[in-house]
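Below is one structure, written out as structure tokens, with a few remarks after it.
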Amino acid sequence: MIDRLLASPHYGERSAQHWLDVARYADTAGLSNDYERSNMWRYRDYVIRSFNDDKPYDEFVVEQIAGDELWEKQKEQDKDPELLIASSFLRMGPWDPAMVLKPQARQLYLDDVVNAVGQTFLSTTMRCFKCHDHKFDPLPTEDYYRFYSVFTGTQLAERPAPFLKEENRNRLNKELKSTQQMLAFATEKYQHLLNKQETAAKIWFKKHGKKYLSEDKRRGLPDEEKPPRHVGLTPAETGRLKVRKQDDWIWTRRLERYQPLAQSVYNGPVPKSLNAKKMRMPKKIPETPIPKTKILTGGTLEAPGKEVTPGVLSALGLNTSENKNDPFALPMENSGRRLGLAQWIAHPKNQLTARSIVNRVWQRHFGKPLAGNPNNFGAKGKKPTHPKLLDWLATDFVENGWKFKRLHKLIMTSDAYRMSTHHPQINQLRNTDPENRLLAYREPRRLSAEELRDSMLVSTGELNREIGGLPVMPEINMEVALQPRMIQFSIAPAYQPSPAPKERNRRTLYAYRVRGQPDPFLELFNQPNPNDSCEERVSESVSPQAFTLLNSDLMNDRATGLAVRINKETQDLHTQVKRAVQLVFGRVPSSQEWDRLEKYVTRMTSYHQSHKPELKVYPTSITRSLVEENTGESFEYEEILPAFKNYKADKKAHEVTHSIRALADLCLVLFNSNEFMYVY
């Protein structure tokens, strides 16, 4: 059975979810504009393929840190676009240089990527020794800035990367048309207002006996030599012009989602301007030397100190250079620094890399790691409960080719993994070993947010098991979907779910992740914030979860979907109850359960005969209200929601009979039970 599961293409999807938690996957950049990273879905699919192909972990590491440098070394006819896609890891953190000075914007990126590499691959929190020598671990500030120097020449760019034959390109043309529709609407509104403004500007130039200059060309002129900034427009129209211009930018950017591009990096000097909206490699990379790196006293750019060269962490004692005076140095040339670092991280003798990843794999299977803080193996991290086991697993992992599937099978066939949640001396064990360090029994684990949603879709028969491709937009709480979400100069476009159930009801792994607008259901059930690397999912239970499980549209839609399925497959109430328990719990109800559940459905049938559910209506447009920043006057504008024009909603309560609604109440009760919510 283990071999069959490991051979399934869905193994890669489940493994990818764990990795993406650590890597901080999202489809947008976050911060003030939260621009879309239109092709980041290709990195998500790269991770899935890597796990399905059982790619050795050392290769997986090197590709993500230095995939573009490997790509540059390949012959033109052999260049593999997947290497550029892999380097998207270096673009994963939140970043937007808007309203930030260029040096500070660069520092924010470099600090983020240094810490991400340290936490993800070495289980080392790098920020602790950015401003001073680490207080507890043998990590001097100089080592931080040598690490920092490795990435000094790393620049961000969307790079051409042809689609692979393995990549799922379904829906590209269909969704391209939807995006073009949104862009056309924004462009039409923008051009109408711009034309009105420029008509008034032409009149002003003519009146003053001057030659007409377009808005861009006259921008640098003194005020007395050009018309007022938004001449010819009312304050409301001025506000709408800014909104439509921003919308035009946003939808133009989103067209890149359908192009063969990779959110990648390249080596070169810092470009003249930084703009997260659109980043491209220069046609010819300037031969300007990469800026030298200096230790920043207190971590501030205004206090540069001693100059340092690229290097690795000296505490591990793993040399990278034959220079006796500097055994931990990396190449000084711009290209090759990251490759040298990646090869050092993936070296078989690196004491941290293998231990870090086998600890994460152990955590996946047991719900808790051997070393308590998977992102921090330092002195302040929790000590391993079984250090010799961790060492042995790491050694075995490396000696057998860094292969994940072998490691999974090794763990899953162990006696420790096969322990039951029931133990004849459980009360005694809870006193003598309250944290279950001896692994004498299996601890129940609550389903993660994604597992919860996906499991319900499996029960209802609605889950679309298609693998990879463009992100999908599941239906979320309508108030959250339509709420105004402020971005610079405007409001971000409303969240519009995918029109067809087949698209919406895919695995949650494929759901579009917006940093500034998390899915409220998934967030409530502890889907991690993608701004920070998640070493361990929080699983505490809080009151809002109980209300959501009973009252949310998602839960009630899934309960209705399951009731519809059961009604099609069965003929009478007795078999309906049996089928419901089978589909949700995977077993047959006991006679007592059977009797109680039948009586419950009978009562609810009587209730629904006299209670009619409300009709749910989806809007096709929404009116927004904003304040024009220069005048303080409010104005309104229309935002269209074309996804809802031909929207095929999941079955709603008002569309089914009272008996199916009663059966849906039973299904909702089952979905709310511990037996469904927990893995025992």
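No hydrogens, no waters, no symmetry mates; every other heavy atom, side chains included, goes into these values. Residue numbers start at 1 and run along the sequence shown.
Using a 4.5 Å heavy-atom cutoff, the side chains of Arg159 and Ser87 are not in contact. Taking 4.5 Å as the limit, some side-chain heavy atom of Phe151 sits within range of a side-chain heavy atom of Val117. Met182 places a side-chain heavy atom less than 4.5 Å from the side chain of Gln496.
Residue Lys278 places its NZ atom among 12 or fewer non-hydrogen atoms of other residues, nucleotides or ligands, all under 6.0 Å distant. Residue Lys294 qualifies as open at atom NZ: its count of foreign heavy atoms under 6.0 Å is 12 or below.
No side-chain donor from either of Arg37 and Thr28 sits under 3.5 Å from a side-chain acceptor of the other. A donor atom on one side chain and an acceptor atom on the other are not found under 3.5 Å apart for Tyr266 and Glu72. Looking at Glu466 and Asn170, their side chains do bring a donor and an acceptor atom within 3.5 Å of each other. Side-chain atoms of Arg106 and Gln155 include a donor-acceptor pair closer than 3.5 Å. The closest side-chain donor-acceptor pair between Asn477 and Tyr495, if any, does not fall under 3.5 angstrom. Remark: the Ser88 side chain and the Tyr46 side chain contain no N/O donor-acceptor pair separated by less than 3.5 Å.
Using a cut-off of 4.0 Å between Lys/Arg side-chain N and Asp/Glu carboxylate O, Asp247 and Lys189 are scored as not salt-bridged. Remark: Arg253 engages Glu158 in a salt bridge, criterion side-chain N to carboxylate O under 4.0 Å. For Lys196 and Glu237, the salt-bridge test passes: some basic side-chain N is under 4.0 Å from an acidic carboxylate O.
Residue pairs meeting the salt bridge (charged side-chain N to carboxylate O under 4.0 Å, His left out) criterion with at least one partner in residues 337-346, sequence neighbours excluded, are Asp68-Arg338, Glu69-Arg338. Screening residues 71-92 for ring-ring contact (aromatic ring centres under 6.0 Å, His included), with sequence neighbours left out, gives Phe89-Phe121.
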Report the C-alpha separation of Tyr145 and Tyr148 in whole Å, then their side-chain angles, then the decisive distance to 0.1 Å, and conclude whether the ring pair (Phe, Tyr, Trp, His ring centres under 6.0 Å) test is met.
CA-CA 5 Å; Tyr145 286 97; Tyr148 186 100; 5.5 Å; yes
Please determine whether salt bridge (Lys or Arg N to Asp or Glu O under 4.0 Å) holds for the pair Glu450 and Arg513, giving the CA-CA distance in whole Å, both sets of side-chain angles, and the decisive distance to 0.1 Å.
CA-CA 13 Å; Glu450 295 87 350; Arg513 291 202 69 180; 5.5 Å; no
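Every residue was checked against the ring-ring contact (aromatic ring centres under 6.0 Å, His included) condition with Phe328, not counting sequence neighbours, and none meets it. For Phe51, the ring-ring contact (aromatic ring centres under 6.0 Å, His included) partners two or more places apart in sequence, or in a different chain, are Phe60, Phe404. For Asn375, the side-chain hydrogen bond (donor to acceptor under 3.5 Å, both in side chains) partners at least two apart in sequence or on another chain are Arg360, Ser533. For Glu36, the side-chain hydrogen bond (donor to acceptor under 3.5 Å, both in side chains) partners are Ser38, Arg257, Tyr512, not counting sequence neighbours.
When all heavy atoms of Met126 and Tyr144 are compared, the pair lying nearest together is O-CD1, 3.3 Å.
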